Amino acid sequence: GAVVSQHPSRVICKSGTSVKIECRSLDFQATTMFWYRQFPKQSLMLMATSNEGSKATYEQGVEKDKFLINHASLTLSTLTVTSAHPEDSSFYICSARGAFSDKSNQPQHFGDGTRLSIL
Amino acid sequence: DAKTTQPPSMDCAEGRAANLPCNHSTISGNEYVYWYRQIHSQGPQYIIHGLKNNETNEMASLIITEDRKSSTLILPHATLRDTAVYYCIAHGSSNTGKLIFGQGTTLQVKP
């Protein structure tokens, strides 16, 4: 089945550091990727939708200057948490869908997440 | 996408069938019912989806009521590795493709 790879799986860094997380679709072209954040004991919260070759669409309340998203190719989207602070510590998860996923109602595929800890 | 309602938690004995219910009374005609699960500290894993007819794959069966207002995910022989949070999502074809996750059902499979 389709595979989405997310890297790194875990990051621990100091406050004020910028952290980049990569999301790759390994065996299909992902025209759209989604970024989620999940706090302990809570559900996934959608942060933004990333479309290849265009600007990301952010959900209400998500700071676009804080969470920079780049989707430069059909297999790679990156999320950069800029000037991270302890409150940004969370589990970040990406998902991807192919060019015809919605028309064929095929499911989205998720990465295994990145656990970000800001000290 | 239509709102879904699931019980917050369920227990199941190992080897027995786990039946996880989901209500989606406002589901529209073009919305599918998708099930994902999330094992602790991992990303969600797709299980199964369906529109009207019951569906079965190697992981589970999906039973959708005739009026489509509810569905049940069945894990026929639950194992300890099936312990996870199970999410039921009603989702239709759209340009955005966004999936909105509710709180899901935490299934605890016990020995």
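Reminder, nothing fancy here: chain letters follow the sequence lines and each chain counts from 1. Keep in mind that this is a model prediction, so the values were computed, not measured.
Using modelled atom types, one finds no donor on one side chain facing an acceptor on the other under 3.5 Å when comparing A/Arg97 with A/Gln108. Judged by distance alone, the side chains of A/Glu22 and A/Thr78 never bring a donor and an acceptor atom under 3.5 Å apart.
Residue contact with chain B, scored on non-hydrogen atoms closer than 4.5 Å, involves the backbone and the side chain of A/Leu44 alike. Proximity to chain A involves both the backbone and the side chain of B/Ser41, based on heavy atoms less than 4.5 angstrom apart. Looking at A/Gln38, the atoms closer than 4.5 Å to chain B (heavy atoms on both sides) all sit in the side chain, from C-beta outward.
The number of heavy atoms from other shown groups lying within 6.0 Å of CE (B/Met10) is above 12.
The OH atom of B/Tyr86 sits 8.0 Å away from atom CD of B/Gln45, with the distance rounded to the nearest 0.5 Å.
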